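Working notes for the structure below.
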Amino acid sequence: MKEDILHNLNVINDRIKNACEKSGRRTDEVRLLLATKTVSSDRIKIALEYGHTLIAENKVQELKEKYEDLKDVLHENHFIGHLQTNKIKDILKYDVSCIQSLDRPELAEKLHQKLSTENRTIDVLIQVNTSNEESKFGVNPNEAIELIKKVSHYSTLKIKGLMTIGLFSAETEKVRTCFKILKKLQQDIIQENIPNVEMKELSMGMSGDLETAIEEGATIVRVGTAVFGARIYPDSYYWDEGKA
Ligand SMILES: *Cc1c(COP(=O)(O)O)cnc(C)c1O
């Protein structure tokens, strides 16, 4: 089990390295984030102790369950799942440094209210629905700038960039189109010069398509299956929950 995880991490690092070389980018421009949904604390610890310290959960409940086990091992937590407003109070208890899935004004407003009372800030990425699928969360690309302008007024929310899941398809070029949409949007937002908005991060690419994402400018790739193995729940359980 330990050997498998370490071997898989080495394979992923090589894939990232090769993709960076192919697109003329430096390896340190791309961070590996481990998507740890359904993965036990013991297995996560193996990766953390090996030096892969950026991890993310999709559900506040799982974050909570693993918190005690992981709190003494150096790591950084992002959140990449759909965040319900009634979970805000909870998520802020568990040292999440970045919420990558900010996708609607009400969520921003409620986060800001709560953060203000606690006198703290949090990094956020704006999640964009680049595949135009009804079932996926994320703001429509056409509405992203409007959302970002709203969020930029909340002093507790530090916008660092964009996140997308993209189309789940074996056809690379269709997937690439989604990543190009995110990159183009990033450029458009930079042009707008909105105060309090940084646009450095592009979180895109997963186990199956990280090379394509890196070629299109990803700065964070989110990998689960290729490191920890297949999950028993279908991804729809995490991605479309309460939708469609
Ligand atoms: C599960 C998940 C990933 C990782 O997907 P894999 O195909 O297992 O690499 C990436 N991003 C999000 C939002 C996820 O929920």
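Atom set for the values below is all heavy atoms of this structure, side chains included, hydrogens, waters and symmetry mates excluded. What you are looking at is a predicted structure, and each value in this text was computed from that prediction instead of being measured. Note that the numbering runs from 1 along the sequence shown for the chain. Indexing begins at 1, ligand by ligand and atom by atom, following the structure's order.
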Suppose I only count heavy atoms of [X] and a 4.0 Å limit; which atoms of ligand 1 are within that range?
X: K37; value: 1 (C), 2 (C), 3 (C), 14 (C), 15 (O)
X: G224; value: 4 (C), 6 (P), 8 (O), 9 (O)
X: V223; value: 9 (O)
X: T225; value: 6 (P), 7 (O), 8 (O), 9 (O)

Top protein contact for [atom], by heavy-atom distance:
atom: atom 13 (C) of ligand 1; value: I80 O, 3.6 Å
atom: atom 11 (N) of ligand 1; value: R222 NE, 2.8 Å
atom: atom 5 (O) of ligand 1; value: M206 SD, 3.8 Å

Does [X] [atom1] have over 12 foreign heavy atoms under 6.0 Å away?
X: K64; atom1: NZ; result: no
X: Y67; atom1: OH; result: yes
X: N132; atom1: CG; result: no

Transitively linked via ILVMFWY side-chain contacts under 4.5 Å: [X] with [Y]?
X: I165; Y: L182; result: no
X: V96; Y: I220; result: no
X: F79; Y: V124; result: yes

| request: Could you tell me whether N58 approaches ligand 1 through its side chain, its backbone, both or neither, with non-hydrogen atoms closer than 4.0 Å? | output: side chain

| query | What part of S207 sits under 4.0 Å from ligand 1 if we count only heavy atoms: the side chain, the backbone, both or neither? | reply | both

| query | Under 4.0 Å between a Lys/Arg side-chain N and an Asp/Glu carboxylate O for E109 and K150? | reply | no

